[in-house]
2 protein chains.
Amino acid sequence: MKKISTRDKIVNSAHKLFYERGYNATSIDDILKDAGLNKGSLYHLFKGKKEVLLAVIEERIAYNLKQKYKEIDTVENPLQYLQHKLLSTDSFDFKHGCALNNLVQEMSPVDADVAKALLKVYNDLEHYYFIALREASMSDEEKKALAKMMVATVEGAIMAAKAAQDKAPFIQIVEQLFKFLLKV
Amino acid sequence: MKKISTRDKIVNSAHKLFYERGYNATSIDDILKDAGLNKGSLYHLFKGKKEVLLAVIEERIAYNLKQKYKEIDTVENPLQYLQHKLLSTDSFDFKHGCALNNLVQEMSPVDADVAKALLKVYNDLEHYYFIALREASMSDEEKKALAKMMVATVEGAIMAAKAAQDKAPFIQIVEQLFKFLLKV
DNA sequence: ACCAAGTTTGACCAATTAGTCAAGTAAGTT
DNA sequence: AACTTACTTGACTAATTGGTCAAACTTGGT
């Protein structure tokens with residue numbers, strides 16, 4: 001039974017609620033209620049709601065991505081590893097989609113600071129896909145372009161699942177994508 | 001100088017603002033201010049904010065999609081036509097992304113009625129891509145799966161452009177996708 | 001002109017929003 | 001014990017939220 005710092009309680013609750021409801025639809029009071037804290041504690045630690053969001057992006061979303069793909073450059077068959085990671089059952093929550101994607105949609109056009117933080121994570125994501133292509137016989141430029149497309153397809157697949165509120169489209173699209181990759 | 005009905009003024013303003021800011025971030029007062037109308041007019045014509053959203057989805061987003069792709073089953077080279085439509089400069093606003101996608105992200109997990117209306121449009125979108133594949137030498141099942149993947153890739157490309165707040169990633173990904181399609 | 005239906009006006013309401021702050025408590029340092 | 005710093009409490013504010021409604025205005029039919 002380790003005790004969780006006040007800061008972590010806030011960032012955890014904010015992460016969860018921003019993911020499930022979106023940034024605008026989550027109030028500070030919602031976060032505090034979920035975390036079991038009072039208002040002053042939050043404003044003692046953060047300048048405001050936006051700073052909480054930046055912490056969520058940098059300390060949770062970026063971190064989770066790193067945890068998910070950190071082994072990809074040591075693994076034997078990285079493309080297969082990637083496919084397996086994507087299709088493993090708890091890979092993502094089809095109902096709420098991709099935490100990164102969700103925030104990009106909602107926030108990137110609206111706030112430059114947030115957009116910058118999100119773009120950094122997005123670039124990391126593309127980089128992991130680039131590494132997954134290291135065995136492929138093509139130039140680095142081509143790998144980069146292909147990785148970009150793969151990320152787009154997977155993110156689009158998550159969105160398709162969200163539109164249908166059903167995981168099936170996601171699986172179908174990812175399988176189609178990898179069927180494709182084998183041909184090239 | 002034709003005069004626009006009150007209803008159309010509301011739906012137009014709502015469509016624009018929902019697209020630019022999102023549903024939750026747009027207040028009824030914002031819509032009314034943009035439309036130059038008073039509160040009672042809106043509540044005379046609509047039950048509430050959600051009904052305005054449903055009108056936007058069914059009368060604007062679905063309609064615009066239809067307008068964009070209605071010629072695709074008569075055109076000579078439908079795949080090339082699709083590519084051209086996607087890459088034509090005013091095809092979409094990279095800053096705000098895809099109106100359909102945006103609403104799916106924000107609303108589908110939260111409201112079943114809205115999710116249903118959005119899914120219908122999403123299925124139409126996939127159907128247009130399916131038609132664009134009519135010349136391809138494969139079974140209808142394969143075409144359907146491929147069309148699904150193409151939609152996902154294009155939607156993901158829009159999201160990549162939104163993340164970067166720059167149209168370039170979108171163009172790159174769409175080009176990569178069609179380069180791919182030629183190989184198969 | 002008269003009437004009834006459709007439409008518009010804008011003040012009003014209760015609830016919620018992000019953010020403030022003076023007062024209190026806990027925890028370490030000497 | 002005395003003192004200082006870090007943290008927590010929760011009442012408060014000003015603004016905004018979606019929604020209501022009685023009164024006023026248009027409009028078209030007779």
Side-chain angles (χ1 to χ4, degrees), chain A residues 1-57 59 102-103 106-107 109-115 117, chain B residues 1-57 59 102-103 106-107 109-115 117:
Chain A
M1 175 88 192
K2 56 171 178 274
K3 81 159 181 273
I4 304 160
S5 73
T6 302
R7 203 193 134 90
D8 279 347
K9 280 183 195 165
I10 290 169
V11 179
N12 286 345
S13 292
H15 180 36
K16 186 181 79 182
L17 295 175
F18 289 165
Y19 177 57
E20 287 172 3
R21 307 180 192 172
Y23 178 76
N24 280 302
T26 303
S27 72
I28 301 252
D29 283 348
D30 289 338
I31 296 168
L32 292 167
K33 195 180 168 189
D34 187 88
L37 295 168
N38 296 94
K39 212 152 230 192
S41 296
L42 191 147
Y43 283 93
H44 176 70
L45 292 162
F46 299 92
K47 274 185 197 166
K49 196 182 176 186
K50 180 173 156 181
E51 236 193 38
V52 177
L53 174 60
L54 289 171
V56 167
I57 295 168
E59 294 165 33
N102 294 355
L103 286 173
E106 187 176 4
M107 302 305 292
V110 155
D111 188 299
D113 297 328
V114 176
Chain B
M1 176 86 190
K2 57 174 182 273
K3 80 161 183 270
I4 304 160
S5 74
T6 303
R7 204 192 132 89
D8 279 348
K9 280 183 195 165
I10 290 169
V11 180
N12 287 344
S13 292
H15 180 34
K16 185 181 81 181
L17 294 175
F18 289 165
Y19 177 57
E20 286 174 2
R21 308 181 191 172
Y23 177 76
N24 280 303
T26 303
S27 73
I28 302 252
D29 284 348
D30 289 338
I31 296 168
L32 293 167
K33 195 181 167 189
D34 186 87
L37 296 167
N38 295 95
K39 211 153 231 191
S41 297
L42 191 148
Y43 282 95
H44 176 69
L45 292 162
F46 299 92
K47 275 185 195 164
K49 193 183 176 185
K50 179 175 155 178
E51 237 194 37
V52 177
L53 174 61
L54 290 171
V56 166
I57 294 168
E59 295 164 30
N102 293 355
L103 286 173
E106 185 176 6
M107 302 305 292
V110 153
D111 188 299
D113 298 326
V114 177

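All heavy atoms count here, side chains included; hydrogens, waters and symmetry mates do not. So you know, we letter chains A, B, ... as the sequences are listed, proteins then strands, and number each from 1.
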Across the strands shown, which category fits [X] at heavy-atom distances under 4.0 angstrom: base, sugar-phosphate, nothing?
| X | result |
| --- | --- |
| Ser27(B) | sugar-phosphate |
| Thr26(B) | sugar-phosphate |
| Gly40(A) | base |

Does a side-chain N or O from [X] land closer than 4.0 Å to OP1 or OP2 of [N], or not?
| X | N | result |
| --- | --- | --- |
| Tyr43(B) | dT20(D) | no |
| Thr6(B) | dT7(C) | no |
| Asn38(B) | dT8(C) | no |
| Ser41(B) | dT9(C) | yes |

Could you check how far [atom1] of [X] sits from [atom2] of [N], rounded to whole Å?
| X | N | atom1 | atom2 | result |
| --- | --- | --- | --- | --- |
| Lys9(A) | dC7(D) | NZ | P | 14 Å |
| Leu32(B) | dG18(D) | CG | C1' | 11 Å |
| His44(A) | dA23(C) | NE2 | P | 19 Å |
| Phe46(A) | dC7(D) | CZ | P | 12 Å |
| Ile28(B) | dG10(C) | CD1 | P | 18 Å |
| Asp30(B) | dT16(D) | CG | C1' | 10 Å |
| Leu45(A) | dT9(D) | CG | P | 12 Å |
| Lys49(A) | dT17(C) | NZ | P | 9 Å |

Side-chain heavy-atom pair Arg21(B), Asp30(B) within 4.5 angstrom cut-off: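 Yes, their side chains come closer than 4.5 Å.
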So, the side chain of [X] versus the backbone of [Y]: is there a donor-acceptor pair under 3.5 Å, distance only?
| X | Y | value |
| --- | --- | --- |
| Asp111(B) | Met107(B) | no |
| Lys49(A) | Tyr23(A) | yes |
| Glu106(B) | Asn24(B) | yes |

Counting distance alone, no hydrogens or angles: does the base of dG19(C) have a donor or acceptor under 3.5 Å from a partner atom on the side chain of Lys39(A)?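 Under the 3.5 Å cut-off, the side chain and the base do form a donor-acceptor pair.
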Thinking salt bridges, do Lys39(A) and Asp29(A) make one under a 4.0 Å N-O criterion?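 Yes, charged N to carboxylate O under 4.0 Å.
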